[in-house]
**Q** 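Can you read through this structure? Questions will come right after.
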There are 2 protein chains.
Amino acid sequence: MLVQNSEAMALSAALLAVAGDLTRRIHEGVAARGFEGLRPAHGFAFTRLAPDGATVTDLAAHLGVTKQAASQLVDELVRKGYAERRPHPGDARARLVVLTEEGWACTRAAEEAAAEAVRAWGEVLGEPELRALRASLPRIVPGGPIRPAW
Amino acid sequence: MLVQNSEAMALSAALLAVAGDLTRRIHEGVAARGFEGLRPAHGFAFTRLAPDGATVTDLAAHLGVTKQAASQLVDELVRKGYAERRPHPGDARARLVVLTEEGWACTRAAEEAAAEAVRAWGEVLGEPELRALRASLPRIVPGGPIRPAW
DNA sequence: AGTATATGGTCAACCTACTTGACCATCAGG
DNA sequence: CCTGATGGTCAAGTAGGTTGACCATATACT
């Protein structure tokens, strides 16, 4: 029992360390590609806006914050030229927030940075272990929202 | 290349989702065991204080914040009865922050909550995959500090 | 149709965790 | 001893979030 708990803590600590490292690497990689003044929270917003845009309320639910906070975040993205608010087709109350071309470029930069980080893992672990990770992790929290958690 | 990037994103997203889920489960598990009013950041502080205590400056470095912020966090832990400041043996400037008995109880609660979460993973993945995870993850960021990262 | 209620969004005020800057006490090296 | 570096706190400012009030539009119910 004591051993089991300490094993669980070791696994948990390693996971959180890797997650922290990944977040930092993506953030730095994005900044290094010229997209500055962005925080990780913006990245999580991008993942929701990317496909077809989203409403402020959708975004708030995705990020786990109030819609007021989400609205402020959108303000910031709009001010910096990464997103824009358009009228919502089929609901005059709502507004559809979509990425600008600059927003898409930033999304691609984040993907490149993530790929770099994952390549670094591959060099340490080797291909088979990396594939095992790729197979295991998505099964743990299947539909899990990707958002800041602490 | 496009495939590689999107694979990397899928792996990254899964990892962040698992990390977020783990953080949430530990937090809720600790609260469910009667330790309320604690944020995840406090947990990260506990992991540093646990062995033999630490100075405020040590703690600040561990958490990646200023020593003033660390000091405020210690104030809070002291006020809630989880830690206490003692004179530092061998350095009259410094003060050693150590866990109280309540602090140790909370640490054990966090370990139990983490063990519960990991057990849930085991039920989804099966023992072999879980062991593979336990073997792989610590190799990615060997000495990585466990701290909030976004 | 007509009213009532729910929903999307914003404005304003407040809260909290963190920062920067100044400062004091103590340590360590000449 | 001085002198600079280090551990720690106090005070004030900032950033990102919250709660609460409010308007416009959509949806449901007679």
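Lettering of chains follows the sequences in order, A, B, ..., and the numbering in each one begins at 1.
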**Q** Measure the distance from CZ on A/Arg79 to C1' on D/dA15 and round it to the nearest whole Å.
**A**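 Going from CZ in A/Arg79 over to C1' in D/dA15 covers 12 Å.
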**Q** In terms of side-chain geometry, is the basic nitrogen of A/Asp75 or A/Arg79 positioned less than 4.0 Å from the acidic oxygen of its partner?
**A**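 No, this pair does not count.
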**Q** For B/Arg24, is there an ion pair with B/Glu28 - N to carboxylate O distance below 4.0 angstrom?
**A** yes
**Q** Using a 4.0 Å heavy-atom cut-off, does A/Ala94 contact any base of the nucleic acid, only the sugar-phosphate backbone, or nothing at all?
**A** sugar-phosphate
**Q** Looking at B/Arg139, B/Arg131, B/Arg134, which one forms a salt bridge (Lys or Arg N to Asp or Glu O under 4.0 Å) with A/Glu129?
**A**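 Only match with A/Glu129 under salt bridge (Lys or Arg N to Asp or Glu O under 4.0 Å): B/Arg139.
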**Q** Looking at D/dG16, I'd like to know if its phosphate oxygens (OP1 or OP2) sit under 4.0 Å from a side-chain N or O belonging to A/Arg39.
**A**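 Checking D/dG16 against A/Arg39, a side-chain N or O does come within under 4.0 Å of OP1 or OP2.
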**Q** Using whole Å, report how far CZ of A/Arg86 lies from P of C/dG9.
**A**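 Interatomic distance, CZ of A/Arg86 to P of C/dG9: 16 Å.
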**Q** Could you tell me how far apart A/Gln72 (CD) and C/dC15 (C1') are, to the nearest whole angstrom?
**A** 13 Å
**Q** Should A/Arg85 be listed as having a side-chain N or O under 4.0 Å from OP1 or OP2 of C/dT10?
**A**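 Indeed, a polar side-chain atom of A/Arg85 lies that close.
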**Q** Thinking salt bridges, do B/Glu111 and B/Arg33 make one under a 4.0 Å N-O criterion?
**A** no
**Q** In whole angstrom, what separates A/Phe44's CZ from D/dG16's P?
**A**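 It works out to 15 Å between those atoms.
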**Q** Let me spell it out: for each of A/Arg93 and A/Gln68, pick the nucleotide of DNA chain C with the closest heavy atom. Which residue's pick is nearer the 5' end?
**A**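 Closest to the 5' end, via its nearest nucleotide, is A/Arg93.
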**Q** Over how many whole Å does the gap from B/Arg95 atom CZ to C/dT26 atom P extend?
**A**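 B/Arg95 atom CZ is separated from C/dT26 atom P by 12 Å.
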**Q** Counting distance only, does the side-chain N/O of B/Ser71 pair as donor-acceptor with the main-chain N or O of B/Lys67 below 3.5 Å?
**A** no
**Q** Can you tell me if the side-chain N/O atoms of B/Ser71 get under 4.0 Å from OP1 or OP2 in D/dG8?
**A**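 False: B/Ser71 side-chain N/O out of range (4.0 Å or more) of D/dG8 OP1/OP2.
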**Q** Which part of the nucleic acid does B/Ala92 contact within heavy-atom distance under 4.0 Å: base, sugar-phosphate only, or nothing?
**A**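 Sugar-phosphate, backbone atoms only, no base.
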**Q** Return the 5'-most residue of the pair A/Asp91, A/Val65 with respect to DNA chain D, ranking by each residue's nearest nucleotide.
**A** A/Val65
**Q** Calculate the interatomic distance between A/Lys67 atom NZ and D/dC22 atom C1'; express it in whole Å.
**A** 11 Å
**Q** Would you mind reading off the distance between B/Leu96 atom CG and D/dG8 atom P, rounded to a whole angstrom?
**A** 9 Å
**Q** Does A/Thr57 make a side-chain N or O approach to OP1 or OP2 of C/dG9 shorter than 4.0 Å?
**A** yes
**Q** Between atom NE2 in B/His88 and atom C1' in D/dG8, what is the gap in whole Å?
**A**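 In whole Å, D/dG8 C1' lies 13 Å from B/His88 NE2.
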**Q** Does B/Thr66 make a side-chain N or O approach to OP1 or OP2 of C/dC18 shorter than 4.0 Å?
**A**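 Looking at the OP1 and OP2 atoms of C/dC18, neither is under 4.0 Å from any side-chain N or O of B/Thr66.
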